[in-house]
Student: 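Structure incoming, see below.
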Amino acid sequence: MDRLIFIAYTGFVAFVSLRPMNDIAVGDWDKVGHLVVYFIFALLGYRVVSKLEHYFYLCIGIVVYSGLMEVAQSFLPGRMMSGYDLLANAVGVAIAMIFARALFSDRNK
C-alpha cells in the first residue's frame, strides 16, 4: 500500500507541476509550498524502502525528479523554470531526511 501511495503522490506532483498556470497567481508562500510538497514526498519515500542507504538514493532521485519538473515547466504557458524552486524542493527533501531518520530511527536497528 505504501508503494501505491508513493506512486500516486509522484503523479500528483507531476500534475501540479506541469499544469498550465495562465490565470493562477502564486503568492508569497510559493517557496514554502515547494518545501512542504517535497518534504511530504520524501517522507512517503521513506515508507517504501527497506534500508537507509536506499532511502538516500531515493531522495537523490526525488531531487532529480524535481529538477526535471522545473525544466519541463520552461516549456509550458504561464510557467517558468526556477532555481529557487529547485532549491526549496531540495531543502524540503533534506529536512524530511533528517526528520525521518530521527523519527523512525528504531526501524533501522
Side-chain angles (χ1 to χ4, degrees):
M1 185 65 162
D2 289 333
R3 286 187 178 159
L4 183 60
I5 292 169
F6 181 76
I7 291 168
Y9 195 81
T10 302
F12 166 76
V13 169
F15 172 76
V16 170
S17 297
L18 300 177
R19 66 174 200 217
M21 299 277 289
N22 292 331
D23 296 329
I24 301 172
V26 288
D28 297 332
W29 293 92
D30 176 53
K31 302 306 178 260
V32 174
H34 280 268
L35 188 142
V36 169
V37 166
Y38 279 87
F39 173 83
I40 293 168
F41 201 174
L43 281 184
L44 291 173
Y46 187 80
R47 305 279 302 163
V48 301
V49 296
S50 58
K51 294 182 179 179
L52 193 58
E53 179 182 341
H54 297 164
Y55 181 59
F56 175 74
Y57 293 123
L58 179 64
C59 286
I60 290 171
I62 291 171
V63 173
V64 169
Y65 182 78
S66 78
L68 293 172
M69 292 297 108
E70 288 299 323
V71 169
Q73 285 178 0
S74 68
F75 298 104
L76 298 171
R79 302 300 294 257
M80 61 185 215
M81 185 169 72
S82 169
Y84 291 117
D85 288 350
L86 180 58
L87 179 61
N89 299 344
V91 169
V93 170
I95 292 171
M97 289 176 71
I98 294 165
F99 186 78
R101 185 169 181 157
L103 188 64
F104 305 114
S105 61
D106 61 326
R107 180 173 144 190
N108 292 308
K109 291 181 179 178

Student: Is a donor on one side and an acceptor on the other found under 3.5 Å between the side chain of R79 and the backbone of S17?
Tutor: yes

Student: Are F12 and F15 near enough that their ring centres are under 6.0 Å apart?
Tutor: no

Student: For the hydrophobic clusters of this structure (ILVMFWY residues joined by side-chain heavy atoms under 4.5 Å, transitively), does one cluster hold both V49 and I98?
Tutor: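 Different clusters: V49 never reaches I98 through Ile, Leu, Val, Met, Phe, Trp or Tyr contacts under 4.5 Å.
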
Student: Is I7 reachable from F41 through a run of I, L, V, M, F, W or Y residues, each pair having side-chain heavy atoms under 4.5 Å apart?
Tutor: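 F41 and I7: separate clusters.
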
Student: Which pair of heavy atoms, one from A100 and one from L43, lies closest together, and at what distance?
Tutor: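 Looks like CB-CD2, 3.9 Å.
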
Student: Tell me whether V36 shares a hydrophobic cluster with F99, the cluster being built from Ile, Leu, Val, Met, Phe, Trp, Tyr side chains joined at under 4.5 Å.
Tutor: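 Yes, because V36 and F99 connect within a single hydrophobic cluster, where side-chain heavy atoms sit under 4.5 Å apart.
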
Student: Work out which heavy atom in S66 is nearest to a heavy atom in L86; give both atom names and the distance.
Tutor: OG-CD1, 3.1 Å

Student: Indicate the atoms forming the closest heavy-atom contact of Y65 with T10, along with that distance.
Tutor: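 Closest heavy-atom pair between Y65 and T10: OH-O, 2.9 Å.
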
Student: To the nearest 0.5 angstrom, please state how far the CG atom of N89 sits from the NZ atom of K31.
Tutor: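 Here the interatomic distance stands at 9.5 Å.
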
Student: When the aromatic ring centroids of F6 and Y9 are compared, is their separation below 6.0 Å?
Tutor: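 Between Y9 and F6, which both carry aromatic rings, the centre distance is not below 6.0 Å.
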
Student: Ignoring hydrogens, what is the shortest heavy-atom contact between V93 and C59? Give both atom names and the distance.
Tutor: CG1-CB, 3.6 Å

Student: Indicate yes or no: at least one non-hydrogen side-chain atom of I95 is less than 4.5 angstrom from one of L35.
Tutor: yes

Student: If you define the side chain from C-beta out and look only at heavy atoms, does anything of D85 sit under 4.5 Å from D30?
Tutor: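 A side-chain contact exists here, since the closest heavy-atom pair is under 4.5 Å.
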
Student: Can you tell me how far apart CE (M97) and CG (L52) are? Round to the nearest 0.5 Å.
Tutor: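 Interatomic distance, M97 CE to L52 CG, rounded to 0.5 Å: 7.5 Å.
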
Student: State whether the side chain of Y55 and the backbone N or O of A42 hold a donor-acceptor pair below 3.5 Å, judged by distance alone.
Tutor: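 Such a contact is found between Y55 side chain and A42 backbone.
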
Student: Is there a path of hydrophobic side-chain contacts, each under 4.5 Å between heavy atoms of I/L/V/M/F/W/Y residues, joining I40 to V16?
Tutor: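 Both belong to a single hydrophobic cluster.
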
Student: I would like to know whether E70 and M81 meet side-chain contact (heavy atoms from CB on, under 4.5 Å); could you show each step before the answer?
Tutor: CA-CA 5 Å; E70 288 299 323; M81 185 169 72; 3.9 Å; yes

Student: When hydrophobic residues are tied together by side-chain contacts of less than 4.5 Å, even through go-betweens, does L87 share a cluster with M69?
Tutor: yes

Student: Show your working on side-chain contact (heavy atoms from CB on, under 4.5 Å) between Y38 and V13 and close with a plain yes or no.
Tutor: CA-CA 9 Å; Y38 279 87; V13 169; 3.3 Å; yes

